[in-house]
Amino acid sequence: VRPVVDSVRVSPAVLQTGSLATVVVAFSDEPAGMDNRISPKVNLQLASGDVIVIQQVSYSGNLWIGEANIDIPTPGGTVIVTIKGAKDLKNNEMLPHQDVKPARILPGSGGVVESGDGFVQLTIPPRALPTNLTAQPDVAIVTQAIQTAPSGATPLSKAYNILATPAFALRDPATLLFRLTSGTNTTQLAIYQLSGSNWTRLGGTIENSEIRVPIDQFGTFALFQESAQPTGTVAITNIDFSNRAFSPTTGATNSPLLNTTDIAFELSAPASIRVEIFSRSGRLQRILEPGRSLGPGHHVITWDGRDHNSTIVKSGLYIVVIHADDQKAQKTLAVVNN
């Protein structure tokens, strides 16, 4: 009989740069017992996508303990533990095992949450958490079946329910991302949110085989392909930032989620979009979008705090200007570098 993983524990609950990660794996094997001479291979995949190899500290009986220093920038969040290679005394090898640890979000640091299947990711910026939040909430993304699709739309994903324990309301928008599978037709895609028994269209911006949308509340979301896009008169509304003040300078902040800002906005109809960054004096610093056709709904575009020469801009106020056909809207944010 192959040995199996009975339980996995990772501490501390929030892994950040400079912390020591400890992984405790309990195996179950009857009647032979584990072969402690053969160490399993244990890895941690962080929310940043980086993989950390855990080194064995002790292995006795059915209990394996390993450690690793986190020396790379990480926004905390969901951790995926992969275990393989353990054998029992009868030389039976375990089947590879994965354990997903839900994200625990720290006030002041935020975090990145992954669904168990890896198709959906939620980025919660540090200032999205309420100031009166005393606990470190667990945030998980769980799948569920789609009972009824919105009219004129075909499901391209399962439904994903975002749950926070304890529950809290977002102060600033978070960014929800759906990864697109190879061969997906990218025309007329939109993310929807379930409101009661009905789906509400949010929209989304496609970039590098992903579609992203800003959200201002948790709930249930799914990706659909529409048979036709809504039309109407173009207007730009609800411009907001995941970080109204951010620090693009490397090492200027404890949270990597403060090194960029997501620019969220809403379109009332399809339009050609141009997004520009100006200094307070009116000098053009960067063209984030030179002219791209976007559908109606909510969109998000990221600025890394760099100008057209890829140089980090100086501390100060900057004006984000969004053009949609013949309409224009703007809003100010701040860059704060050490």
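- Within the model, atoms OG of Ser115 and CZ of Phe221 stand 13.5 Å from one another, a figure rounded to the nearest 0.5 Å.
- Heavy atoms only, all atoms of each residue included: Arg212 and Val300 are closest at CB-CG1, 3.5 Å.
- Taking a cutoff of 4.0 Å between a charged side-chain nitrogen and a carboxylate oxygen, Arg171 and Asp216 do not qualify as a salt bridge.
- Contact of the Leu317 side chain with the Phe278 side chain is not registered, since no non-hydrogen atoms from C-beta on lie closer than 4.5 Å.
- Arg286 contributes atom CZ, which lies 6.5 Å from atom OG of Ser310 (distance to the nearest 0.5 angstrom).
- Cluster annotation: Leu223 is connected to Phe119 through the hydrophobic network of ILVMFWY side chains, with a link wherever side-chain heavy atoms come within less than 4.5 Å.
- Contact of the Glu210 side chain with the Gln121 side chain is not registered, since no non-hydrogen atoms from C-beta on lie closer than 4.5 Å.
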- Query: Could you go step by step and tell me if Thr220 and Asn161 meet the side chain to side chain donor-acceptor pair (under 3.5 Å) rule?
  - Reply: CA-CA 4 Å; Thr220 301; Asn161 189 14; 3.2 Å; yes

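- Between Ile191 and Ile211, the shortest heavy-atom distance links the atoms CD1-O, 3.9 Å.
- Between Ile277 and Val320, the closest side-chain pair of non-hydrogen atoms falls below 4.5 Å.
- Shown here for Val313 and Gln285, the closest heavy-atom pair between the two residues is CG1-OE1, 3.9 Å.
- Atom CH2 of Trp64 and atom CD of Gln56 lie 6.5 Å apart (nearest 0.5 Å).
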Side-chain polar contacts of residues 231-240 - donor-acceptor pairs under 3.5 angstrom, sequence neighbours left out - could you list them?
unit_1, atom_1, unit_2, atom_2, d
Asn238, ND2, Glu266, OE1, 2.6
Asp240, OD1, Arg244, NH2, 3.1

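- For the ring-ring contact (aromatic ring centres under 6.0 Å, His included) test, residues two or more places apart in sequence or in another chain that qualify with Trp199 are Phe224.
- Hydrophobic clustering (side-chain heavy atoms under 4.5 Å, transitive across Ile, Leu, Val, Met, Phe, Trp, Tyr) keeps Ile80 apart from Val120.
- How far CD of Gln330 is from CD1 of Ile319: 5.5 Å, rounded to the nearest 0.5 Å.
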Which atom pairs, donor and acceptor, lie under 3.5 Å between side-chain atoms of residues 82-94 and protein residues at least two apart or in another chain?
unit_1, atom_1, unit_2, atom_2, d
Thr82, OG1, Gln98, NE2, 3.4
Lys87, NZ, Asn91, OD1, 3.4
Asp88, OD1, Lys90, N, 2.9
Asp88, OD1, Asn91, N, 3.1
Asp88, OD1, Asn92, N, 2.9
Asp88, OD2, Asn92, ND2, 3.2

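- Salt bridge status for Arg274 with Glu276: present, with a side-chain N to carboxylate O gap under 4.0 Å.
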- Item | Steps toward side chain to side chain donor-acceptor pair (under 3.5 Å) verdict (Asp262, Thr302) | CA-CA 4 Å; Asp262 284 342; Thr302 301; 2.5 Å; yes

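- Leu333 and Val321 fall into different hydrophobic clusters, where Ile, Leu, Val, Met, Phe, Trp and Tyr are joined by side-chain heavy atoms under 4.5 Å apart, directly or via other members.
- Between Asp117 and Lys158, the closest side-chain pair of non-hydrogen atoms falls below 4.5 Å.
- Counted by atom type alone, Asp35 and Tyr59 present zero donor-acceptor pairs between their side chains at under 3.5 Å.
- The CZ atom of Phe246 sits 9.5 Å away from the CZ atom of Phe241 when rounded to the nearest 0.5 Å.
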- Item | Thr175 vs Thr123, side chain to side chain donor-acceptor pair (under 3.5 Å): CA-CA, chis, key distance, verdict | CA-CA 5 Å; Thr175 301; Thr123 301; 5.9 Å; no

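- No side-chain heavy atom of Asn62 sits under 4.5 Å from any side-chain heavy atom of Asp6.
- Note on Glu114 versus Lys101: no salt bridge recorded, every NZ/NE/NH1/NH2 to OD/OE distance being 4.0 Å or above.
- Under the ring-ring contact (aromatic ring centres under 6.0 Å, His included) criterion, His299 pairs with Phe265, not counting sequence neighbours.
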- Step by step, would you call Thr311 with Asn309 a side chain to side chain donor-acceptor pair (under 3.5 Å)? CA-CA 5 Å; Thr311 302; Asn309 293 320; 5.4 Å; no

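- In the hydrophobic clustering of this structure, Ile146 groups with Tyr192; members are Ile, Leu, Val, Met, Phe, Trp, Tyr whose side-chain heavy atoms approach within less than 4.5 Å, directly or through other members.
- Remark: Ala164 engages Val139, Phe168, Phe218 in a side-chain contact (heavy atoms from CB on, under 4.5 Å) (not counting sequence neighbours).
- Between the side chains of Ser281 and Ser279, at least one donor N or O sits under 3.5 Å from an acceptor N or O.
- Side-chain contact check for Ser242 versus Asp172: every heavy-atom pair is 4.5 Å or farther apart.
- One distance of note links CD1 of Ile312 with CG of Asp304; it measures 8.0 Å at 0.5 Å rounding.
- You'll find the side chain of Leu44 stays beyond 4.5 Å of the side chain of Val51, heavy atoms only.
- Inter-residue side-chain proximity for Asn259 and Leu257 is flagged as unmet; no heavy-atom pair is nearer than 4.5 Å.
- Under the salt bridge (Lys or Arg N to Asp or Glu O under 4.0 Å) criterion, the residue pairs touching residues 133-153 are Arg104-Asp138, with sequence neighbours excluded.
- Counting all heavy atoms, side chain and backbone alike, Ala174 lies closest to Pro125 at CA-CD, 4.0 Å.
- Val42 and Ile65 end up in different hydrophobic clusters when Ile, Leu, Val, Met, Phe, Trp and Tyr side chains are linked at under 4.5 Å.
- Scanning both residues, Asn337 and Pro248, for their nearest heavy atoms gives OD1-CD, 3.2 Å.
- Around atom NZ of Lys41, no more than 12 heavy atoms belonging to other residues, nucleotides or ligands sit under 6.0 Å away.
- Between Asp50 and Ile72, the shortest heavy-atom distance links the atoms CB-CD1, 3.1 Å.
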